[in-house]
Amino acid sequence: MKVSQLFGRTSKTEGLDSNIISHRLLTQAGYIRESTAGRYFFLPLGQTVQNNIIDIVRKHMDAIGAQEVLLPTLHPLELWKETNRTTSAGFELMKIEDRRGAEFALGGTAEEMAVDLARKFNVSYKDLPLSIYQFSMKFRDEVRARGGLLRVREFIMKDAYSFGTEEQFKDTYQKYWDAYKAIYEELGLKVDVVAADNGYIGGEYCHEFISESEVGESRYFIDQQSGYAAHEDVAVFKVDDKNLGEELRDLQEVDAERGTTMEDGVNLHNMPLWQQTKDVLFFDEATKRYILALIRGDFDVNETKLMQAAGAWDLRAATEQEIREDLGSEPGFISPVHFPKKGAKSGHEVVIVGDKSLRTVRNMYGGNNKLHKDLLNINIDRDYQLDVEADIALAKAGMISPDGGTLVEKRGIEVGNIFQLGYHYSNLMHDAEYTDEQGRRQKYYMGAYGIGIGRTLAAVVEAHHDDKGIIWPENIAPYTVYLARLGEADAVIQKADEIYMSLTKAGVLVLYDDRLGTRAGEKFADADLLGIPYRLVVSDKTLASGQFELKKRGAAEAQMLSQDAVINSFAKSTTNLL
RNA sequence: CGGGGUGUGGCGCAGUUGGUAGCGCGCCUGGUUUGGGACCAGGAGGUCGAAGGUUCGAGUCCUUUCACCCCGACCA
């Protein structure tokens, strides 16, 4: 490809007010251009890189026996209704109608479609396990697009779906896990594999593949010694026992002229934070219930865990008005002791969810559902009962992992995930079944596996760049060699053309900077910005010496090679060069 | 959805008390240059986000609306 003919140009100035490096570099170098928020044009260079990534992903999917398909972009809305995901999907579904008024969802993920395809066939146990995958545009009406390609509203995703028996699943899951590790390694991305929450996808467990990065949106914890790794949504930690040796003392109401914070309680009673009860009141819009979350005072409530424990979907904080008028309590003085079972005015049910840590303390103190009144010596079971007891605590850096090591907090970009779905979809959708050895119909045990291509591309740039621009790993670079022609003497042009032709013939991907009237500095700057792995210079200088200057992107020194040496080294292999 | 901000040639921006829309970069032409983003001369390109209003006259004032950015909330 000749630079003079390449569509999409670099820009001397950054001209973009983003704190995400990949966003700035990809835009400045002419790989992408924003359309509207969260929707991007991929220019020829960007599309080439995207295709290179797709090729690598495809290779590894094929290697584990997954079969490529293409599902329709428009999903009949009835399918999403069949699994109740028109309301529970974590992203807003985008819907459209055709001229007859038939409703469709723009695909944001495709579990229903995959099941619908599978059930159109008479699948036998002999066909299992079965995996299908596709590369297709996904649509998500994100509340807020962010960070260039990191969080967008339309993107190409590799999504795979596995069907099989429960016994087969472990092996299938492991195959995807290994394939993902191989994919990211080939892409030059270091990833942490982290246990996470299934959320709206459904199922019981899943793992995210996260590329560590300060600009990532995923927060997770790692125990370096044991390798324990978990997303903050699900991370667990060891809770220490406090004063379990103490006698249970009598419940007692005291005056409490204090503010509404935890610190106010500590200061007034001059007792430790961990002995205070933390009472957080939520309302679940999905099930129309109040959720009172109780936890030891030195911990915070993890809303994801809380939703799992309470079976809630759409949590929000209760308002002061609701606390006072509907529940007869007082913000800052909420207590589980004699807390109402339902809202007096609304009739909404109240569910009390308590954290396991409540079992590590005796004689707690906290509010008494009245302004400026506190209770002392609150004890679980004796003074209040839980509807649900679970781990709803938020892990923090420095806490002890379940394996005994210390939790270290990290941030990163979630570039892929693998989900156990189990019977979730087979239970919700009719005929999601195969025929077993006895000729009986059995439900599929399923998994789902996603990789965001554009986000992965951005993650690679986040991991591979310097102050001059991108530094592509060779196997996804849009071109291998940037041939910079300096000077416009006939001999130089002729020689550069010749080298371009012979390299191209040898199968080397060359981006030939044949621009006239463009100075050396500009060509070098573009080569660096674009991140092409090798820069080859042809000029009257190199012509005089009979050798050509070859420089690896990011290397300090260039090397002088004869024409044959240049051609041969690239034609054979580029991996051990320089 | 809450708070803050911005919409003016491809990009980045200026535009005073309302009076014929400008600058830098980029682009095109000619010339001089040519190893880390040159210089001179000439040129093309804008219904000033949209709609309505006030006015002799609106980029500027008023109303409505749309889009986008940042911070939260929320979420791959």
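Here is the naming used below: chain letters follow the sequence lines, and residue numbers restart at 1 for every chain. Please read these numbers as outputs of a predicted model, since none were measured by experiment. All values below come from the heavy atoms of this structure, side chains included, with hydrogens, waters and symmetry mates left out.
Between the C1' atom of A73(B) and the CD atom of Glu217(A) lies a distance of 13 Å, rounded to the nearest Å. Put simply, CZ on Arg9(A) is 12 Å from C1' on C28(B), counting in whole angstrom units. Protein atom CZ of Arg316(A) is 17 Å distant from nucleotide atom P of A73(B), rounded to whole Å. Atom pair Arg219(A):CZ and C75(B):C1' shows a separation of 14 Å (rounding to whole Å applied). Separating the CG atom of Leu150(A) from the C1' atom of C75(B) is a distance of 14 Å, rounded to the nearest angstrom. Rounding to whole angstrom units, CG of residue Asp197(A) and P of C74(B) are separated by 14 Å. Rounded to an integer number of Å, the gap from CZ of Arg39(A) to P of C69(B) is 11 Å. The CD1 atom of Ile20(A) sits 12 Å away from the C1' atom of C70(B) (whole-angstrom rounding).
The residue Arg151(A) sits close to a base: some heavy atom pair falls under 4.0 Å. When heavy atoms are screened at a 4.0 angstrom cut-off, Ser218(A) is found touching no nucleic acid atom at all.
A ring-centre distance under 6.0 Å is not found for Tyr449(A) and Tyr180(A). Side-chain rings of Tyr425(A) and Tyr161(A) stay apart, their centers remaining 6.0 Å or farther from each other.
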Original post:
Base, backbone or nothing for each nucleotide of nucleotides 3-8 of chain B, written B, S, -, heavy atoms under 4.0 angstrom, 5' to 3'?
Top reply: ------
Original post:
Base, backbone or nothing for each nucleotide of nucleotides 35-40 of chain B, written B, S, -, heavy atoms under 4.0 angstrom, 5' to 3'?
Top reply: BBBB--
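A distance of 10.5 Å separates CD in Glu185(A) from NZ in Lys190(A), rounded to the nearest 0.5 Å. Of the inter-residue distances, the one linking Phe282(A) atom CZ with Leu306(A) atom CG reads 5.5 Å to the nearest 0.5 angstrom.
Salt-bridge annotation for Arg9(A) and Asp526(A): absent, with no side-chain N of the basic residue lying under 4.0 Å from a carboxylate O of the acidic one.
Between G46(B) and G15(B), the distance separating the two C1' atoms is 14 Å to the nearest Å. When the P atom is used for both C68(B) and C11(B), the distance is 16 Å, rounded to whole Å. Across G59(B) and U8(B), the matching P atoms stand 15 Å from one another, rounded to whole Å. A38(B) and G7(B) are spaced 31 Å apart, taking the P atom of each and rounding to whole Å. For U64(B) and G9(B), the P atoms lie 25 Å apart once the distance is rounded to whole Å. Using atom P as the reference point in both U17(B) and G10(B), the two lie 29 Å apart (nearest Å). A gap of 38 Å separates the P atoms of G57(B) and G42(B), to the nearest Å. Taking the C1' atom of each, C39(B) and U34(B) are spaced 12 Å apart, rounded to whole Å.
Within the shown strands, nothing qualifies as a pairing partner of A44(B) under the Watson-Crick or G-U definition with both distances less than 3.5 Å. Across all strands shown, G7(B) forms a Watson-Crick or G-U wobble pair, both distances under 3.5 Å, with C66(B). Base pairing analysis places U60(B) opposite nothing; no Watson-Crick or G-U wobble pair with both distances below 3.5 Å involves it. Searching all strands for a Watson-Crick or G-U wobble partner of U55(B) with both distances below 3.5 Å returns nothing. With a 3.5 Å ceiling on both atom-pair distances, the Watson-Crick or G-U wobble partner of C13(B) is G22(B). In this entry A38(B) has U32(B) as its Watson-Crick or G-U wobble partner, both defining distances falling under 3.5 Å.
Position along RNA chain B of the nearest nucleotide to Glu34(A) versus Leu149(A) favours Glu34(A) as the more 5'-ward residue. Remark on RNA chain B: of its neighbouring residues Asp233(A) and Gly38(A), the 5'-side contact belongs to Gly38(A), judged by nearest-heavy-atom nucleotide.
Under a 3.5 Å cut-off, the side chain of Asp326(A) and the backbone N or O of Ser346(A) do form a donor-acceptor pair. Although no hydrogens or angles enter the test, the distance criterion places no donor-acceptor pair under 3.5 Å between the side chain of Asp192(A) and the main chain of Glu212(A).
Inter-residue side-chain proximity for Lys396(A) and Phe299(A) is flagged as unmet; no heavy-atom pair is nearer than 4.5 Å. Between Lys305(A) and Asp391(A), the closest side-chain pair of non-hydrogen atoms falls below 4.5 Å.
Ile156(A) pairs in a side-chain contact (heavy atoms from CB on, under 4.5 Å) with only one of the listed residues (Thr456(A), Leu457(A), Ile453(A)), which is Ile453(A).
Ring pair Phe209(A)/Trp177(A) is perpendicular by interplanar angle, where above 60° counts as perpendicular and below 30° as parallel.
Among C69(B), C75(B), C11(B), the nucleotide with an atom closest to any side-chain atom of Arg33(A) is C11(B).
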